[in-house]
Visitor: 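Can you read through this structure? Questions will come right after.
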Amino acid sequence: MRKGLIAGVVVLGLLFLFGLGVFGWYYGIRNELVGQDENVNSAWSQVQNVYQRRADLIPNLVRTVQGYAAHEQDTLIQVTEARSKVNNINLGNAVNDPTKMEQFLRAQGELSSALSRLMVVVERYPDLKANENFRDLQVQLEGTENRVTVERMRYNEAARTFNTRIRQFPASIVAAIASFQKKTYFEAQPGAEKAPEVNFSR
């Protein structure tokens with residue numbers, strides 16, 4: 001009887017230790033995935049911040065150009081409408097939704113295209129190009145575009161690390177149980193390989 005009781009206690013002890021080990025393993029991996037998920041969300045916030053900075057520069061840029069090139073209304077309206085479209089997108093959880101990410105990228109692409117057309121218009125106005133306010137805005141816009149590139153790269157790196165981890169065994173089991181989803185990457189828009197013919201250095 002005592003041997004049976006001791007064996008039962010040993011078995012229960014081993015089951016408890018096994019359960020504790022599984023619990024620790026699960027939550028260890030889950031916490032790692034939570035940390036990586038937050039890294040992706042943080043990188044995404046930075047992308048949104050630099051895009052917002054670009055959107056905030058546009059009204060001043062349009063007003064400055066308008067003072068010199070008032071008859072270029074079509075281009076100015078296109079820039080303003082493209083900015084409005086970008087600001088009105090409901091991103092929701094775009095990092096997990098390829099459709100929303102595509103909508104966001106398409107709107108940002110339209111805004112970039114409109115800004116490129118605006119810079120082509122500016123080339124026709126030497127007085128505007130020499131205007132100190134315009135030059136300052138142009139430098140800020142260039143710096144923001146560079147930041148967009150850097151932050152998108154950082155976001156893609158964080159997303160790649162996370163996506164790789166949730167596909168690796170045994171983390172894939174934890175990811176499936178905890179409903180971690182693959183993050184959407186930034187991808188180049190069609191035609192992005194062709195640089196716009198705009199000269200920002202003048």
Side-chain angles (χ1 to χ4, degrees), residues 2-58 82-112 140 143-193:
R2 274 190 175 185
K3 286 183 181 179
L5 184 60
I6 291 171
V9 169
V10 169
V11 168
L12 283 176
L14 289 174
L15 286 174
F16 176 76
L17 289 175
F18 177 75
L20 193 62
V22 168
F23 180 82
W25 167 82
Y26 174 83
Y27 277 97
I29 291 178
R30 188 178 189 286
N31 288 340
E32 177 191 352
L33 293 177
V34 166
Q36 289 182 1
D37 188 46
E38 285 304 310
N39 285 342
V40 173
N41 292 336
S42 174
W44 173 244
S45 293
Q46 280 304 107
V47 168
Q48 289 179 293
N49 284 341
V50 291
Y51 273 127
Q52 184 61 53
R53 176 177 162 74
R54 178 171 82 161
D56 291 345
L57 287 171
I58 290 171
R83 178 187 181 268
S84 178
K85 186 186 276 188
V86 163
N87 287 342
N88 290 330
I89 291 176
N90 178 11
L91 288 175
N93 196 9
V95 295
N96 293 325
D97 186 342
T99 304
K100 285 186 179 180
M101 182 67 84
E102 175 60 32
Q103 181 186 15
F104 176 75
L105 292 176
R106 190 171 35 254
Q108 290 293 347
E110 288 174 17
L111 181 55
S112 293
Q140 289 180 50
T144 301
E145 293 295 343
N146 289 337
R147 284 186 207 149
V148 165
T149 302
V150 168
E151 295 303 338
R152 283 175 57 150
M153 182 184 69
R154 287 180 181 160
Y155 167 82
N156 274 350
E157 182 59 29
R160 184 195 63 76
T161 300
F162 177 81
N163 290 343
T164 301
R165 187 65 178 128
I166 66 170
R167 291 179 60 208
Q168 292 173 331
F169 184 81
S172 58
I173 295 169
V174 176
I177 292 169
S179 301
F180 285 103
Q181 298 175 329
K182 181 181 179 215
K183 304 302 180 187
T184 306
Y185 292 110
F186 275 105
E187 296 178 3
Q189 294 294 297
E193 70 280 0

Visitor: Please name the pair of heavy atoms, one in Arg165 and one in Ala171, separated by the smallest distance, quoted to 0.1 Å.
Guide: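 Where Arg165 meets Ala171 most closely, the heavy atoms are O-CB, 3.3 Å.
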
Visitor: Given side chains that start at C-beta, do those of Val34 and Arg30 come closer than 4.5 Å, heavy atoms only?
Guide: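 Val34 vs Arg30: side chains touch.
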
Visitor: To the nearest 0.5 Å, what is the distance between CZ on Arg83 and CD1 on Ile58?
Guide: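 One gets 6.5 Å once the value is rounded to the nearest 0.5 Å.
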
Visitor: So that I can tick it off, tell me whether Glu110 and Arg106 are bridged by a salt bridge, with the cut-off set at under 4.0 angstrom between side-chain N and carboxylate O.
Guide: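 Salt bridge: no.
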
Visitor: Rounded to the nearest 0.5 Å, what separation is found between the CD atom of Gln108 and the CD1 atom of Ile89?
Guide: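 That separation rounds to 7.0 Å.
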
Visitor: Should Glu102 and Asp97 be marked as a side chain to side chain contact (heavy atoms under 4.5 Å, CB included) after you check the CA-CA gap, both sets of side-chain angles, and the distance that decides it?
Guide: CA-CA 9 Å; Glu102 175 60 32; Asp97 186 342; over 6 Å; no

Visitor: With heavy-atom distances below 4.5 Å as the criterion, would you say the side chains of Asn156 and Lys183 are in contact?
Guide: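 The answer is no; the side chains never approach within 4.5 Å.
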
Visitor: Within the structure provided, determine whether Glu157 and Arg154 are in side-chain contact (heavy-atom separation under 4.5 Å).
Guide: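 Not touching, per the 4.5 Å side-chain cut-off.
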
Visitor: Output yes when a side-chain donor or acceptor of Asn163 lies under 3.5 Å from a complementary backbone atom of Lys182, and no otherwise.
Guide: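 No; judged by distance alone, with no hydrogens or angles, the pair does not exist.
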
Visitor: Test your reading of the model: is there a side-chain donor-acceptor pair from Ser42 to the backbone of Glu38, 3.5 Å cut-off?
Guide: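 No, because the side chain of Ser42 does not come within donor-acceptor range (under 3.5 Å) of the backbone of Glu38.
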
Visitor: Answer whether the closest heavy-atom distance between the side chains of Val174 and Leu33 falls below 4.5 Å.
Guide: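 Of all side-chain heavy-atom pairs linking Leu33 with Val174, at least one is under 4.5 Å.
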
Visitor: Is any side-chain heavy atom of Ile173 less than 4.5 Å from a side-chain heavy atom of Tyr26?
Guide: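 A side-chain contact is absent here, since even the closest heavy-atom pair is not under 4.5 Å.
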
Visitor: Between Val150 and Val50, is the side chain to side chain contact (heavy atoms under 4.5 Å, CB included) condition met? List the steps.
Guide: CA-CA 10 Å; Val150 168; Val50 291; over 6 Å; no

Visitor: Let me see the working for Val40 and Arg160 under side chain to side chain contact (heavy atoms under 4.5 Å, CB included), right down to the final yes or no.
Guide: CA-CA 9 Å; Val40 173; Arg160 184 195 63 76; over 6 Å; no

Visitor: For the OG1 atom of Thr99 and the CE atom of Met101, what is their distance to the nearest 0.5 Å?
Guide: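 Between Thr99 OG1 and Met101 CE, I get 11.0 Å after rounding to 0.5 Å.
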
Visitor: What are the two closest non-hydrogen atoms of Ala107 and Val86, and how far apart are they?
Guide: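 Looking at all heavy atoms of both residues, the shortest contact is O-CG2, 3.4 Å.
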
Visitor: Sort out for me which residue in Tyr185, Phe162, Tyr155 forms a ring-ring contact (aromatic ring centres under 6.0 Å, His included) with Trp44.
Guide: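 Single ring-ring contact (aromatic ring centres under 6.0 Å, His included) partner of Trp44 among Tyr185, Phe162, Tyr155: Tyr155.
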
Visitor: With heavy-atom distances below 4.5 Å as the criterion, would you say the side chains of Leu105 and Arg152 are in contact?
Guide: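 With C-beta onward as the side chain, the pair touches.
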
Visitor: Distance from Lys100 atom NZ to Thr184 atom OG1, nearest 0.5 Å?
Guide: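 Lys100 NZ to Thr184 OG1: 11.0 Å, rounded to 0.5 Å.
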
Visitor: I want to check something: taking the side chain as every heavy atom from C-beta on, are Arg147 and Arg54 in contact at a cut-off of under 4.5 Å?
Guide: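 The answer is no, as the side chains (C-beta and beyond) never meet within the 4.5 Å cut-off.
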
Visitor: Would you give the length of the straight line joining atom OG1 of Thr161 to atom CG of Asn39, rounded to the nearest 0.5 angstrom?
Guide: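 One gets 8.5 Å once the value is rounded to the nearest 0.5 Å.
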
Visitor: Tell me whether the rings of Phe186 and Tyr51 are parallel (<30°), tilted (30 to 60°) or perpendicular (>60°).
Guide: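 Tilted.
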
Visitor: Can you tell me if Asn31 uses its side chain to pair, donor with acceptor, with the backbone of Tyr27 under 3.5 Å?
Guide: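 Checked: pair present.
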
Visitor: Can a side-chain donor-acceptor contact be found between Asn49 and Gln46 if the only test is distance below 3.5 angstrom?
Guide: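 Judged by distance alone, the side chains do pair up.
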
